[in-house]
Amino acid sequence: MTPLSLQPVSVHCVDLAKSYGPVQAVRDVHLDVAAGQFLALLGPSGCGKTTVLRCIGGFEAPDEGRIQLGARTVASAATWIPPEQRHVGMVFQEYALFPHLSVEENIAFGLTRETQREERIHDMLRLVGLEGVRHRMPHELSGGQQQRVALARALAPRPGVVLLDEPFSNLDAALRGRVRQEVRDILRRAGVTVLFVTHDQEEALSLADQVAVMMEGRIIQVDRPERLYRRPATHQVATFLGEANFLPGKAKGRNVECALGTLDLHDELVGEVELMFRPEDLLLSDQDDGSAEIVDRTYFGHDQLLTVRLDSGTILRSRLVGCCRGLQPGRRVGLRIDTPVMAYPTPYGCPVPAQGPIQPGADTSPVAPKSVRRPHLS
């Protein structure tokens, strides 16, 4: 048990499906979140991620499938437990604070049966760093303070799971980075299981232990943030998670021949493939006889994005940290990649495995179609 007297529980969703009329918002969703884990459910607007969150919280009833919180089934064909009995805390996108209640009264809203009510309010105020504003009204608080009040209210009844639905979308860019760091620190100290919905890749990768990428109602891939970014399972996931370069190539086991020469692959493949690598993987060197020309440069201060054109006309992008060392548009440059790259069989790309999303630690190499022979891995 944590110092805040929270007992985190695991979350399991099996074959979850939900439709609104003719629109199938969620289909065949499998999700496993360990007790105490922080998982981000990431996807574009309209992909069904908030529907999954609302089904877990009990605000929507799934049409099919099963939801389990710890050892308890809370939704299935035969079972339905209402949200107030699920021991789940919810932080809404709009925070949903009561405008006529003070900070401490908002936090106390779910504590009507709490035997040590005042002590619990004090613990929550201290946890979120709002002891000095306990008597203020919501309209007297900044956006970040309102966010922390909503979080304290969700944690006060000692939930096993906290659900957050796009919690930073109402904050301006200057405030968002600081507030999300504060929220992460608070939730880490609380030790509770967290499911966090966002369409912002940077938020998901920087906050969560695990990230589940959802598209068109399905979860495509679940993995650690760094592995997800480096080894996306599909072309679509790669482009959604950040800038990506693509090149055609011919794979031979752990190597691939392409316009940049012979590169190493993460996984063994044989046949025509599409390579994926990030701009920061593409290294430039100032060479008069180099294989590419710089055609554009965008300066961001801490880094710069250089656009290069191969002699074939192919456009690639390279991200350099720090000084650009005189690399300006019009200069010829040599190109190299020192790290293994991802490859997807072409023209099929990488289909979603029929058995469900790719799970943490699993082999995330592409699934080869019948026309592409994949060697046996010993």
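Numbering starts at 1 and runs along the sequence shown.
Residues V197 and P167 come closest through the heavy atom pair O-CD, 3.9 Å. Nearest heavy-atom pair across R176 and E203 is CD-OE2, 3.2 Å. Contact between L205 and P225 at its shortest, heavy atoms only, is O-CB, 3.5 Å. Scanning both residues, R120 and A156, for their nearest heavy atoms gives NE-O, 2.8 Å. The two residues A204 and V211 make their nearest non-hydrogen contact at O-CG2, 3.6 Å. Across all non-hydrogen atoms, the minimal contact from L127 to R189 is O-NH2, 2.8 Å.
C258 contributes atom SG, which lies 5.0 Å from atom CG of L275 (distance to the nearest 0.5 angstrom). L42 CG to L228 CG: the interatomic distance, rounded to the nearest 0.5 Å, is 8.0 Å. To the nearest 0.5 angstrom, L141 atom CG is 7.5 Å from L130 atom CG. A distance of 8.5 Å separates CZ of R317 from OG1 of T298, quoted to the nearest 0.5 Å.
Sequence neighbours left out, the pairs with a member in residues 240-294 that pass ring pair (Phe, Tyr, Trp, His ring centres under 6.0 Å) are H235-F246. The list of salt bridge (Lys or Arg N to Asp or Glu O under 4.0 Å) pairs with a residue in residues 136-154, not counting sequence neighbours, reads R148-E182. Counting only residues at least two apart or in different chains, salt bridge (Lys or Arg N to Asp or Glu O under 4.0 Å) contacts with residues 98-110 comprise E104-R134. Residue pairs meeting the ring pair (Phe, Tyr, Trp, His ring centres under 6.0 Å) criterion with at least one member in residues 140-163, sequence neighbours excluded, do not occur.
Within a 6.0 Å sphere centred on CG of D338, heavy atoms belonging to other residues, nucleotides or ligands number more than 12. Heavy-atom contacts from other residues, nucleotides or ligands closer than 6.0 Å to CD of Q236 number 12 or fewer. Residue R309 qualifies as open at atom CZ: its count of foreign heavy atoms under 6.0 Å is 12 or below.
A distance-only check finds a donor-acceptor pair linking the side chain of S206 to the backbone of E202 [under 3.5 Å]. Side chain of K18 to backbone of A61: a donor-acceptor contact under 3.5 angstrom is found. With hydrogens and angles ignored, the 3.5 Å screen pairs no side-chain donor or acceptor of S10 with any backbone N or O of A34. Looking only at distances, a side-chain donor or acceptor of Q221 sits under 3.5 Å from a matching main-chain atom of A233. At distances below 3.5 Å, not a single donor-acceptor pair connects side-chain atoms of T73 with backbone N or O atoms of A75. The backbone N or O of V149 lies less than 3.5 Å from no partner atom in the side chain of Q147, so there is not a single donor-acceptor pair. Side chain of Q85 to backbone of P82: no donor-acceptor contact under 3.5 angstrom is found. Checking side-chain atoms of Q304 against main-chain N and O of L320 turns up a donor-acceptor pair under 3.5 Å.
A heavy-atom distance below 4.5 Å is found between the side chains of L284 and S318.
Each of L53, V91, L41 was compared with L164 under the side chain to side chain contact (heavy atoms under 4.5 Å, CB included) criterion, and only V91 meets it. In summary, of the residues considered (R227, R188, R224), a salt bridge (charged side-chain N to carboxylate O under 4.0 Å, His left out) with D209 occurs for R188 alone.
By the ring-ring contact (aromatic ring centres under 6.0 Å, His included) test, F168 pairs with F196, sequence neighbours left out. Residues satisfying the ring-ring contact (aromatic ring centres under 6.0 Å, His included) test with Y20, not counting sequence neighbours, are none. In this view, D165 satisfies the salt bridge (Lys or Arg N to Asp or Glu O under 4.0 Å) rule with no residue, not counting sequence neighbours. Here D311 pairs with R332 under the salt bridge (Lys or Arg N to Asp or Glu O under 4.0 Å) rule; sequence neighbours left out. When the salt bridge (Lys or Arg N to Asp or Glu O under 4.0 Å) test is applied to D303, the partners found at least two apart in sequence or on another chain are R319. Under the ring-ring contact (aromatic ring centres under 6.0 Å, His included) criterion, F38 pairs with no residue at all, not counting sequence neighbours. In this structure E64 satisfies the salt bridge (Lys or Arg N to Asp or Glu O under 4.0 Å) test with no other residue, sequence neighbours excluded.
Under the 6.0 Å distance and 45° angle rule, R86 counts as a cation-pi partner of W80.
Between E280 and R278, none of the side-chain N atoms (NZ, or NE/NH1/NH2) sits under 4.0 Å from a carboxylate O, so this pair counts as no salt bridge. Comment: R331 engages D286 in a salt bridge, judged by a side-chain N to carboxylate O separation of less than 4.0 angstrom. With salt bridges taken as basic N to acidic carboxylate O contacts below 4.0 Å, one links R230 and D281. One finds no salt bridge joining R27 and D15 here, because no Lys/Arg side-chain nitrogen approaches an Asp/Glu carboxylate oxygen to under 4.0 Å.
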(message) Could you go through D223 and R231, starting from their C-alpha distance and side-chain angles, then the distance that decides it, and tell me whether this counts as salt bridge (Lys or Arg N to Asp or Glu O under 4.0 Å)?
(response) CA-CA 10 Å; D223 221 320; R231 303 185 67 177; over 6 Å; no

(request) Would you check, one step at a time, whether the test side chain to side chain donor-acceptor pair (under 3.5 Å) holds for Q24 with S19? (result) CA-CA 4 Å; Q24 190 169 19; S19 296; 4.6 Å; no

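Inspection of the Q181 and R184 side chains reveals an N or O donor paired with an N or O acceptor under 3.5 Å. With hydrogens and angles left out, the side-chain atoms of E272 and T346 include no donor and acceptor closer than 3.5 Å. Under 3.5 Å, the side chains of Q287 and S285 contain a donor-acceptor pair of N or O atoms.
Membership of the apolar cluster around F300 extends to L305, as traced through chained side-chain contacts below 4.5 Å between ILVMFWY residues.
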